Amino acid sequence: MTTPSSTPSAGPSVGFDPRHDAYVDESTVRNELTRVFQVCHECRRCESYCTTFPSLFELIERRDDHDAGRLTPLDQDLVVDSCVQCNLCSASCPYTPALHELQVDVPRLVLRAKAMQHATGITSWRSKVVARSFGHADLIGWTGSAASGLANRVVSAAPGSFVRRLVARITGVSANRRLRLYRAERFTTWFDNRPRVLIGNPQGAVTVFPTCLVEYRNTAIGADLVKVYERNGIECSTSSAGCCGAPSLQAGDLDRFAKIAKRNVKALASEARSGTDIVVPQPGCGAILRSAYVDHVPAKMRLDAELVAARTYDASEYLMRLHRADDTALDTDFRGETFDRVTSVGSGHLTDRHAEFDSRDLLRLAGARVEQIRGTSGIETPWGLRADNDAVADELAERLARRIATTSPDAVAADGDFANAAVSEHLDIEALHPMQIVARAYGISEHARRDHKR
C-alpha cells in the first residue's frame, strides 16, 4: 500500500484535545475533515466495514477531480452523522497517530465534528433534545426498573406498532429495534443480596463497572460474570460510578460529558487505589474509561484518569490475562452445557488492545469450536438506537447476520449486548455474552436460563 500523496500537508494542529480553543472551531474542523477524507479516499482499506466509507467515496467521486476539498459542509455532515462509532476502521488503519505522521483516526475526528456541530448550533434542537434524553441513562434506567411492569409493556410492544411509534416521536428511540426489558431487580441489588462466596485462595480482585445496560436491563450478564469470576478465585465488588457518558460524548455535548467524566474518574480511581482492577462487560463503555476520560477531565485529575485507564479491562480480557500469567490459571473443569459451534463477533473497541480474540480463546477453553468474524451490527453504541439512524443500522445488522448464518453456529457470542440484540432480530439463534456461555459451561448459570426463557 502506498502512502496517500495528495492530502493537505502536515498533521492536525489541534489533534484530539477537547481543551484546545480551536477544537470546535468550524473552519478548523472542516479543514481537518477534508484532509482525513482525502487520505481515506486514496487508501480505501475500510470500504467494506460500514456504510460510512462507501458514502464518502461516492460523494468525492461525483467530482471529476476526486478532491475531498470540494465536498460541501452538508456533504461532510452527512458522512459524520452516518458513523456508528464501531471503531473497526481505526483498529485497522495504517495511518493512526500511533503509526503514522498523517494521524488519521476517523471515529475520534467524528466525535470532534459532532462537538463542533453542537457548539456552533448546526445540531438541530430536536437532535439536542433526543441526545439529552439519551444522556440521562441512569435516570431512565432507574425509572424503568422501578416501574418495570409498565415500562416493559411499552418496550415489549411489537416493533413498528402505534405504541412504539409514539414513543419514538417523544424520545427519539427507534420504533423498530428489539429492546431489552427492564429488570425489577437491578444488577447491583442482586449483587448486594446474593449469598456471599468465601474465596480461599484469591487470584485477583475486581470492581465490576456494570454499565447501564447490565445494571438495569440484561442483568444476567453481570450475574454470570460474577459467578464465573468467583469460580476462578477473583473477589468482586461493584462500582459506585454511574453511566460512562457515551451518549453525551457521541452527541457532542462536551460540557455534560466532562461533568460525567469528573464524577466517574473520582469514584473509579478511588476504587482502583483500594487494590482492585476495573472490569467492564461492554467494550464500548470500557473504551470510554480507557481513552475518553483522560482527554476530558481537568489537568489536575489527569493522573487519576490515567490510573483508571490502566486498570480497566474487558470481561474476557481479564480472565485470559489471568490464565496466561505464570502464577495464576483458570478453572477448566467445564461440566455444564457447552455449545458445539459458536461464532464470536470481534469488537473494534478491543482490537487496539490486542484483546479482540480473548473471548474466542476463552470460549475455546470452555469446549466450543469457535469461528471469529469481524463486523459491525450498527448498534455497538447508542447511535444505532436512534430512530433517525434506523435504515443504516438495520442494514448493517442484516449484513452481519448474513455473514454469521454462513458459519452455521449453535450460538453467537458478542462482547457488546447491543450487537447480540441486533443479531437476534435477524437470526433465530441464541446470541449471548461470552460470560453467559462460560457460566453455562460451568453449570452455574441458572439466572441466564431464566432470563432467556422470559
Side-chain angles (χ1 to χ4, degrees), residues 3-4 6-47 49-57 59-60 67-69 71-120 122-123 131 246 248-254 257 284 287-288 290-296 348-349 351-352 376 380-381 383 389 392:
T3 301
S6 60
T7 59
S9 62
S13 59
V14 179
F16 305 108
D17 182 2
R19 291 160 293 199
H20 196 288
D21 291 341
Y23 184 77
V24 295
D25 174 72
E26 183 172 5
S27 176
T28 305
V29 173
R30 294 207 180 279
N31 286 339
E32 181 62 3
L33 287 169
T34 296
R35 185 187 75 83
V36 170
F37 286 173
Q38 192 69 49
V39 174
C40 292
H41 179 259
E42 295 185 21
C43 173
R44 307 180 77 91
R45 184 168 182 166
C46 299
E47 188 168 12
Y49 288 160
C50 64
T51 58
T52 300
F53 291 99
S55 298
L56 168 63
F57 301 155
L59 287 169
I60 293 176
D67 180 7
L71 295 181
T72 67
L74 178 59
D75 291 335
Q76 290 183 336
D77 291 343
L78 287 173
V79 176
V80 166
D81 292 343
S82 71
C83 175
V84 68
Q85 289 289 315
C86 66
N87 275 33
L88 289 176
C89 60
S90 62
S92 302
C93 180
Y95 304 118
T96 60
L99 299 174
H100 200 280
E101 63 181 1
L102 286 176
Q103 300 186 54
V104 172
D105 190 326
V106 171
R108 292 180 74 188
L109 178 57
V110 164
L111 291 179
R112 182 180 172 190
K114 298 294 286 187
M116 177 272 290
Q117 292 174 350
H118 188 277
T120 57
I122 294 174
T123 304
S248 297
L249 176 65
Q250 292 161 6
D253 191 346
L254 298 189
F257 180 71
I288 296 292
R290 287 192 298 266
S291 59
Y293 285 172
V294 174
D295 292 334
H296 288 267
H349 293 105
T351 305
D352 62 337
T376 175
E380 280 82 0
T381 69
W383 183 96
N389 301 325
V392 174

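From a predicted model like this one, the values you see are computed outputs, not experimental measurements.
Partners of Tyr23 according to the side chain to side chain donor-acceptor pair (under 3.5 Å) rule, which considers only residues two or more places apart in sequence or in another chain, do not exist here. Every residue two or more places apart in sequence or in another chain that forms a salt bridge (charged side-chain N to carboxylate O under 4.0 Å, His left out) with Arg44 is listed here: Glu47, Glu61.
Residues Met116 and Ile122 approach most closely at SD-CD1, 3.8 Å, considering heavy atoms. The nearest pair of heavy atoms linking Ala91 to Gly348 is CB-O, 4.1 Å. Closest of all the heavy-atom pairs between Trp383 and Ser82 is CZ2-O, 3.5 Å. The two residues Val79 and Leu59 come nearest to each other via the heavy atoms CG2-CD1, 3.8 Å. Between Pro18 and Asp295, the shortest heavy-atom distance links the atoms CG-O, 3.2 Å. Closest approach of Asp75 to Leu71, counting heavy atoms only: OD2-CA, 3.7 Å.
Looking only at atom types and distance, the side chain of Thr34 has no donor-acceptor partner in the side chain of Asn31 under 3.5 Å away.
Relative orientation of the Tyr293 and Phe257 rings is tilted, given thresholds of 30° and 60° on the angle between their planes.
Under the side chain to side chain contact (heavy atoms under 4.5 Å, CB included) rule, Thr376 has a single partner from Leu88, Asn87, Thr51, Thr52, which is Leu88.
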Problem set entry | Chi angles and distances behind the side-chain contact (heavy atoms from CB on, under 4.5 Å) call for Cys86, Tyr49 | CA-CA 9 Å; Cys86 66; Tyr49 288 160; 5.8 Å; no
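To the nearest 0.5 Å, atom SG of residue Cys40 and atom CZ of residue Phe57 are 6.0 Å apart. Atoms CG and OG, from Leu109 and Ser90 in turn, are 11.5 Å apart once rounded to the nearest 0.5 Å. Atom-to-atom distance recorded for Leu111:CG and Gln250:CD is 6.5 Å, nearest 0.5 angstrom. The CZ atom of Arg19 sits 11.5 Å away from atom CG of Leu254, with the distance rounded to the nearest 0.5 Å. Atoms CG and CD, on Asp81 and Gln76 in that order, are 11.5 Å from each other to the nearest 0.5 Å. One finds the CZ atom of Arg112 at 12.0 Å from the CG atom of Asp105 (value rounded to the nearest 0.5 Å).
At least one donor-acceptor pair closer than 3.5 Å links the side chain of Arg35 to the backbone N or O of Leu102. Without hydrogens or angle criteria, Asp77 side chain to Leu74 main chain gives no donor-acceptor distance under 3.5 Å. Side chain of His349 to main chain of Gln85: a donor-acceptor pair is present (N/O by atom type, distance under 3.5 Å, no hydrogens or angles).
Salt-bridge check for Lys114 with Asp253: failed, with every basic side-chain N at 4.0 Å or more from each acidic carboxylate O.
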